[in-house]
Amino acid sequence: MLWSLIKIVVFVAIVAALTLGAGYLMESQGGVQITVAGVEYTLGPLQSVIAALVLVVAVWLFFKIFGLVIAVLKWINGDETALSRYFDRNRERKGYQALSEGVMALASGEGRLAMAKAHKAETYLHKPELTDLIAAQAAEMVGDNRKAEEVYKRLLQSNDTRFVGIRGIMKQKLAAGDTDTALKLAERAFAIKPKHQEVQDTLLRLQAEKADYVGARQTLSAKLKHGALPRDVYKRRDAVLALSEAQKISDDEKSAAAAEAAIKANKASPDLVPAAAMAARGFVEQGRKRNAVRVIKKAWMTQPHPDLAAAFAAIEPTETPAERVKRFAPLMTINPEHRETRLLKAELNLAAEDFPEARRALGDLVEKEPDARVLAVMAATERGEGASDAVVRGWLARALTAPRGPQWVCDNCKTIHGDWSPLCSNCGAFDTLSWTKPPQTENVLPAGADMLPLLVGPADKPGTDTVPVASEPDLIVVPGDDTVVGAAETDPVPPPPADAEIVEERDAVKASAK
């Protein structure tokens with residue numbers, strides 16, 4: 001109603017202005033004198049204005065008629081579309097103008113305006129391969145997924161736009177969590193455009209999620225073939241997929257195949273710790289212990305890791321702790337200053353009850369890298385050397401609140417994993433797990449002073465039995481061995497102290513924890 005009133009007021013104002021102007025021209029003096037073939041024509045001011053307007057219209061009509069004549073001549077000469085192009089030229093101009101405005105609206109985040117402009121452009125141009133794409137993206141922008149899916153399905157009807165339609169629906173299915181349908185669509189999109197890097201990455205990730213490692217390796221080979229992946233990265237990721245394929249084989253009948261797959265993965269990427277550990281166990285099953293030793297040493301040179309130590313221990317599972325220390329000596333000469341090497345040496349000497357050597361192996365790790373494992377080993381060393389129970393529990397109190405040390409952490413989202421896997425369980429990224437220290441955001445137990453009542457035990461009334469809650473953390477298990485070192489092996493747990501002794505022990509533990 002208001003808009004109609006505004007239009008009426010503007011129209012009246014224009015008519016009034018024209019009337020006023022015409023009256024002014026009629027009352028003014030002068031004019032225009034035109035001489036044609038000796039005949040003079042005198043035009044007043046108003047007549048001059050009207051003549052100028054007529055002249056402009058005449059020129060415009062002349063060019064229009066001239067263009068029509070040219071189009072007719074072209075049609076006579078065999079150009080069958082000359083006349084249709086002439087009459088459609090204005091429609092195309094309006095259509096491309098609407099299309100341009102739709103693209104600008106889409107870029108500026110105005111989804112509904114973009115949809116309106118796309119509809120207008122389609123009315124003039126009849127080119128759905130252009131207008132439907134804008135309409136689909138605009139519908140996604142405003143959250144109308146049903147409309148977007150309808151438009152993408154229309155794009156499937158044409159060979160030129162089929163890939164765009166498949167990719168659009170694939171992204172919608174991924175957002176909705178329908179990975180089964182998304183995988184099928186990714187395979188179709190990959191068949192149409194095998195060089196498309198986004199489709200390659202999506203297909204590879206979905207195949208890895210579905211444990212289709214054979215298909216994933218084929219996709220990875222396609223990425224290498226089309227130049228989307230460096231060769232060294234390809235070798236690493238192919239080894240990851242080969243290892244995942246080996247881990248998938250769990251039947252006893254197929255253990256030999258799993259071992260061979262792990263060995264191939266290790267050859268492709270010797271620094272991949274899980275592949276090296278699994279390959280070593282595969283060599284042991286085949287009776288090729290020297291090969292297992294060589295694989296572990298080569299991997300240890302790049303990245304010392306507890307899984308490698310466990311695989312090395314599994315080569316001779318029945319040896320005594322002293323024999324194990326001797327056999328591990330060549331391995332510990334590789335990267336001798338690495339924390340994992342020093343911890344391994346300390347744990348092996350704990351198992352052999354050589355506590356002074358275990359302390360020497362730890363060295364300054366307690367000061368420089370006091371994580372839970374280092375402090376637990378230190379507690380076991382103190383217990384083995386005959387330290388008081390209060391001192392041992394003081395080390396354990398520190399271990400409760402210390403960082404957990406290196407773990408499998410996703411480089412992409414920093415999620416911590418208990419075991420290695422090809423995909424991050426949180427963000428789904430492929431081959432992003434690294435053995436490193438996690439960010440200091442993990443949950444820790446309360447401060448050591450708050451945990452002391454649990455470690456020492458409550459001050460019960462005389463005559464009651466008090467069992468220390470934290471006696472189990474004293475246990476140290478050497479990787480790959482069933483030998484348990486700690487309070488349970490080297491020194492029996494003393495009986496619960498009396499009330500006065502508990503107070504003295506608490507003071508000693510607080511001082512040690514600080």
- Message: Checking the side chain of D144 only, and the main-chain atoms of K147 only, is there a donor and an acceptor separated by less than 3.5 Å?
- Response: yes

- Query: Does R393 come within less than 4.0 Å of D389, counting only side-chain N to carboxylate O?
  - Reply: yes

- List the steps, then state whether side-chain contact (heavy atoms from CB on, under 4.5 Å) holds for L241 with F430. CA-CA 10 Å; L241 292 172; F430 177 73; 3.6 Å; yes

- Just by modelled atom types, is the G215 backbone N or O under 3.5 Å from a matching donor or acceptor in the T219 side chain? yes

- Message: Quick check: do E140 and Q172 have side-chain heavy atoms less than 4.5 Å from each other?
- Response: yes

- Task: Looking only at non-hydrogen atoms, find the nearest pair between A208 and L423 and report the distance.
- Result: C-CD1, 3.6 Å

- Lys/Arg-Asp/Glu bridge criterion (N-O < 4.0 Å) met for E347, R373: yes

- Item | Residues E319 and K326 bridged, charged N to O under 4.0 Å | no

- Just how far is it from atom CG of D238 to atom CG of D431, taken to the nearest 0.5 Å? 11.0 Å

- Query: Heavy-atom distance under 4.5 Å between the side chains of R360 and P356, does that happen here?
  - Reply: yes

- Task: Mark yes when over 12 heavy atoms from residues, nucleotides or ligands other than R288 sit less than 6.0 Å from its CZ; otherwise mark no.
- Result: yes

- Message: Testing the basics here: between G428 and R205, what is the closest heavy-atom pair and its distance to 0.1 Å?
- Response: O-CD, 3.3 Å

- Nearest-0.5 Å distance that lies between atom CZ in R237 and atom CG in D232: 10.0 Å

- When you measure from the side chain of H226 to the backbone N and O of A228, does any donor-acceptor pair fall under 3.5 Å? no

- Identify the two heavy atoms, one from C424 and one from C413, that lie closest to each other, and give their separation to 0.1 Å. SG-SG, 3.4 Å

- Message: If you apply the rule salt bridge (Lys or Arg N to Asp or Glu O under 4.0 Å), what do you find for E150 with R154, and how did you get there?
- Response: CA-CA 6 Å; E150 290 179 359; R154 288 204 302 267; 5.2 Å; no

- Applied to residues 148-177, the ring-ring contact (aromatic ring centres under 6.0 Å, His included) test, sequence neighbours excluded, yields F163-H196

- To the nearest 0.5 Å, tell me how far L174 CG sits from L206 CG. 5.5 Å

- For K173 and D180, run salt bridge (Lys or Arg N to Asp or Glu O under 4.0 Å): C-alpha distance rounded to whole Å, both residues' side-chain angles, the deciding distance at 0.1 Å, then the answer. CA-CA 9 Å; K173 297 301 181 183; D180 292 333; over 6 Å; no

- Item | Residue pair M141 / M115, side-chain heavy-atom distance below 4.5 Å | no

- Query: Should we count NZ of K225 as having more than 12 external heavy atoms under 6.0 Å?
  - Reply: no

- Determine whether K437 and P403 make a side-chain contact, defined as any pair of heavy atoms from C-beta on separated by less than 4.5 Å. no

- Look only at the side chain of D307 and the backbone of V273, and say whether a donor-acceptor pair between them is shorter than 3.5 Å. no

- Query: Does a side chain donor of either S434 or D411 reach within less than 3.5 Å of an acceptor in the other side chain?
  - Reply: yes

- Less than 4.5 Å apart, any side-chain heavy atom of E198 and any of M170? no

- Query: Would you call R342 and D364 a salt bridge, using N to O less than 4.0 angstrom?
  - Reply: yes

- Cationic N near anionic O, under 4.0 Å, R327 to E323: no

- Message: Test your reading of the model: is there a side-chain donor-acceptor pair from Q200 to the backbone of P194, 3.5 Å cut-off?
- Response: yes

- Under a 4.5 Å cut-off applied to non-hydrogen side-chain atoms, are E353 and P321 in contact? no

- Item | Separation of L272 CG from L243 CG (nearest 0.5 Å) | 5.5 Å

- Query: Can you list the steps and then say if R404 with D371 is a side-chain contact (heavy atoms from CB on, under 4.5 Å)?
  - Reply: CA-CA 6 Å; R404 307 306 300 172; D371 57 31; over 6 Å; no

- Which heavy atom in V240 sits nearest to a heavy atom in P422, and how many Å separate them? CG1-CB, 3.8 Å

- Query: Is there a side-chain contact between K297 and P330, using heavy atoms and a 4.5 Å cut-off?
  - Reply: yes

- Which heavy-atom pair separates L204 from A216 by the least distance, and what is that distance? CD1-O, 3.4 Å

- Here the gap from R359 atom CZ to L362 atom CG, rounded to the nearest 0.5 Å, amounts to 8.5 Å

- ring pair (Phe, Tyr, Trp, His ring centres under 6.0 Å), paired with H305, selected from W408, W420, F312: W408

- Item | Minimum side-chain heavy-atom gap T341-F328 below 4.5 Å | no

- Message: Please find the pair of heavy atoms, one from V392 and one from A387, that lie closest to each other, and give the distance.
- Response: CG2-O, 4.4 Å

- Considering residues, nucleotides and ligands other than D419, do more than 12 of their heavy atoms fall under 6.0 Å from its CG? no

- Item | S108 (side chain) donor-acceptor with A105 (main chain) under 3.5 angstrom | yes

- Apply side-chain contact (heavy atoms from CB on, under 4.5 Å) to K195 and K223, showing your working. CA-CA 8 Å; K195 295 182 180 181; K223 286 176 66 69; over 6 Å; no

- Message: Working to the nearest 0.5 angstrom, can you tell me the gap between M301 CE and L331 CG?
- Response: 10.0 Å

- Message: What verdict does the side-chain contact (heavy atoms from CB on, under 4.5 Å) test give for E209 and L183, after you've listed the backbone C-alpha separation in whole Å, the side-chain angles of each residue and the deciding distance to 0.1 Å?
- Response: CA-CA 10 Å; E209 286 181 0; L183 175 59; over 6 Å; no

